[in-house]
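Notes follow once the structure below has been shown.
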Protein chains: 2
Amino acid sequence: MATGRTHRPATRSRGIPEATVARLPLYLRALTALSERSVPTVSSEELAAAAGVNSAKLRKDFSYLGSYGTRGVGYDVEYLVYQISRELGLTQDWPVVIVGIGNLGAALANYGGFASRGFRVAALIDADPAMAGKPVAGIPVQHTDDLEKIIDDNGVSIGVIATPAGAAQQVCDRLVAAGVTSILNFAPTVLSVPDGVDVRKVDLSIELQILAFHEQRKAGEEAAGESAAVPLAPKESGKGPDGDVPAVMPA
Amino acid sequence: MATGRTHRPATRSRGIPEATVARLPLYLRALTALSERSVPTVSSEELAAAAGVNSAKLRKDFSYLGSYGTRGVGYDVEYLVYQISRELGLTQDWPVVIVGIGNLGAALANYGGFASRGFRVAALIDADPAMAGKPVAGIPVQHTDDLEKIIDDNGVSIGVIATPAGAAQQVCDRLVAAGVTSILNFAPTVLSVPDGVDVRKVDLSIELQILAFHEQRKAGEEAAGESAAVPLAPKESGKGPDGDVPAVMPA
DNA sequence: ATGTCTTTGTGAACGCGTGCACAAAGATGG
DNA sequence: CCATCTTTGTGCACGCGTTCACAAAGACAT
């Protein structure tokens, strides 16, 4: 999971579990694809396969939204697209600012997946004066000094942070102070925010590390008994014995 | 959570819960920062704060790795960095290929967070012949035709897919056939892979949609009773009545 | 050596999420 | 109008993950 919620232990919004909310965009994507192929209805089984989930889970997820299916038939694709869009708040326009226009920020600005879902890149912001005015993805980059004014003028409530780690918390604080209440953080830092502000983080290197863990496990299993046998200190022996080359020992 | 595991219901690796594995990189990052400041030891409380988690959770997580702390003192920073690195498999070199060198792929190639964690970008691959030979992040882009040979020559087991959605499954199949067993997918599609292959996905637009959901909720609550009251059809009335402007009605 | 104080490691309870399995609902055909 | 068949919606049980709260372990001072 490259994701991570922050704060808010079990929001349960109106009764829609967080896990369900996280899957709704997945369903929506699958439904949109069906819609483009003019498929009128889908069964939970088909849609679940397209979204890569269990069909019982899908039905239960939809049951939180209401009874939108027809027994013996399935779900009406167009109708469901609308219902999920409305539930996710995608029927309205969401102006978004991206702060930190480096490689990643520029890639995000160019990313087509935003606009297609009702997200509009209202402004690009960077601390480098040399960037100011330079167009990225057709939008001129503005300087950090004007951050508050930009947020205010555009009624922005969602901010994307793509700055280096060192600048992220400061940028976050300014965004929040200016009225932003949802933040998508790409910087490898833990952001602290006041109550009422949602943060989701995407950390590319964390994802790879999780894959590496499983990869190592697979390699260690198929060749069990090789050098990488990972002894796992037997608890009573305190701390001494581990695999090999113990980096630094504690006192 | 921008992440999502695929397949493998409850791997439980050697006894380390999946949720714990997902947090280890977080701890590692916080510990590395402490290490650079030459802090010798940390308490679970301090480290938990730095990583943005509960201290009890952190202690339980570490307990799965073994008893690496000292009661009354805390954890030795250097020692813990080593232990977690070893557990995650970061003490070895992981050659990685990135397929799809568009805006995002190029940003990933330039991303510093990979190299700093033992991940080495072994090759960049793109289907566009015009890209071939062009250096990105100092590495010449190679054509998709040579994918299998590249994987094989470099002993790559981790692949990153940053292609358009339409090409993702096909690229995935070729990667897997060539020997890749872990995939990080940035394309907005569900990838199907055989057993034994791990897929993690990062979908930028999904994260924003989840934020939008909560954002809408916040806005709807503070102005409860306004036009956006969201009636939620009373179950018995079938499907007709919802908020307003029902896009398309089912049969 | 003994007592005090700090902090770990974990037993136990709780809650959320998942999946099974089935009854209810509706479509469809005779 | 009735029977059959398909597919939804959900009650229930199970397991994982989180959190509390505390006993055990060790450091440190006297």
Side-chain angles (χ1 to χ4, degrees), chain A residues 1 4-13 15-24 27 40-49 51-77 79-80 83 233 235-239 250-251, chain B residues 1 4-13 15-24 27 40-49 51-77 79-80 83 233 235-239 250-251:
Chain A
M1 171 176 321
R5 72 207 57 150
T6 311
H7 238 245
R8 186 164 306 201
T11 304
R12 270 282 179 138
S13 304
I16 301 186
E18 190 61 29
T20 295
V21 173
R23 279 188 294 267
L24 289 182
Y27 302 144
T41 59
V42 264
S43 68
S44 63
E45 203 69 50
E46 294 168 319
L47 185 54
V53 301
N54 184 297
S55 70
K57 195 187 295 186
L58 177 142
R59 288 198 299 275
K60 183 151 290 192
D61 283 342
F62 286 175
S63 78
Y64 292 115
L65 309 182
S67 285
Y68 293 148
T70 305
R71 298 177 190 227
V73 176
Y75 299 93
D76 183 274
V77 172
Y79 187 64
L80 205 45
Q83 288 299 344
K235 200 63 179 300
E236 30 110 12
S237 70
K239 38 189 73 144
Chain B
M1 188 169 335
R5 74 207 56 152
T6 310
H7 237 245
R8 184 161 310 200
T11 302
R12 269 286 177 136
S13 303
I16 302 185
E18 191 59 31
T20 295
V21 173
R23 279 188 294 268
L24 290 181
Y27 302 143
T41 60
V42 263
S43 68
S44 63
E45 203 69 51
E46 295 169 317
L47 184 55
V53 302
N54 183 298
S55 71
K57 194 187 293 185
L58 177 143
R59 286 199 300 276
K60 181 148 288 195
D61 283 343
F62 285 176
S63 78
Y64 291 116
L65 309 183
S67 283
Y68 293 149
T70 306
R71 298 176 189 228
V73 175
Y75 298 91
D76 183 273
V77 173
Y79 187 64
L80 205 46
Q83 289 299 342
K235 200 64 179 299
E236 30 110 12
S237 69
K239 39 191 68 151

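Below, chains carry the letters A, B, ... as their sequence lines are ordered, and counting in each starts from 1.
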Take atom CZ of Phe62(B) and atom C1' of dG17(D), then tell me their distance rounded to the nearest Å.
17 Å
Taking 4.0 Å as the cut-off, does a side-chain nitrogen or oxygen of Arg23(A) come that near to OP1 or OP2 on dT18(C)?
yes
Among dT18(D), dG9(C), dT10(D), find the nucleotide with the atom closest to the side chain of Ser63(B).
dG9(C)
Measure OH/Tyr68(B) against C1'/dA25(D) and give the value in whole Å, please.
18 Å
Report, one pair per line, the protein and nucleotides 3-7 of chain C atoms (nitrogen or oxygen only) whose separation is under 3.5 Å.
| residue | atom | partner | partner atom | Å |
| --- | --- | --- | --- | --- |
| dT7(C) | O4' | Gly72(B) | N | 3.0 |

Euclidean distance, Asn54(A) CG relative to Arg59(A) CZ, rounded to 0.5 Å
8.0 Å
If the condition is side-chain hydrogen bond (donor to acceptor under 3.5 Å, both in side chains), which residues does Ser43(B) pass it with, not counting sequence neighbours?
Glu46(B)
Contacts of Ser63(A) that satisfy side chain to side chain contact (heavy atoms under 4.5 Å, CB included) - sequence neighbours left out
Lys60(A)
What's the closest nucleotide to the side chain of Ala56(B) if the choices are dC20(D), dT18(D), dG17(D)?
dC20(D)
Check side chain to side chain contact (heavy atoms under 4.5 Å, CB included) between Ala48(B) and all other residues, then give those that pass, not counting sequence neighbours.
Val53(B), Ser55(B), Leu58(B)
Distance check needed: dT10(D) C1' versus Asn54(A) CG, whole Å only.
14 Å
Rounding to a whole Å, what distance do you find between Leu58(A):CG and dC20(C):P?
14 Å
Looking at Pro17(B) and Gly15(B), what are the two nearest heavy atoms and their distance?
CD-O, 3.3 Å
Partners of Tyr75(B) by ring pair (Phe, Tyr, Trp, His ring centres under 6.0 Å), sequence neighbours excluded?
Phe62(B)
Output the rounded distance in Å from CG (Asp76(B)) to P (dA27(D)).
13 Å
Has the side chain of Lys60(B) got a donor or acceptor that lies under 3.5 Å from a partner of the other kind on the base of dT18(D)?
no
Can you measure Leu65(A) atom CG to dT8(D) atom C1' for me and round it to whole angstrom units?
14 Å
What residues form a side-chain hydrogen bond (donor to acceptor under 3.5 Å, both in side chains) with Thr20(A), not counting sequence neighbours?
Asp61(A)
Could you tell me how far apart Leu47(B) (CG) and dG9(C) (P) are, to the nearest whole angstrom?
12 Å
Length of the NZ-P vector between Lys57(A) and dC16(C), whole Å:
17 Å
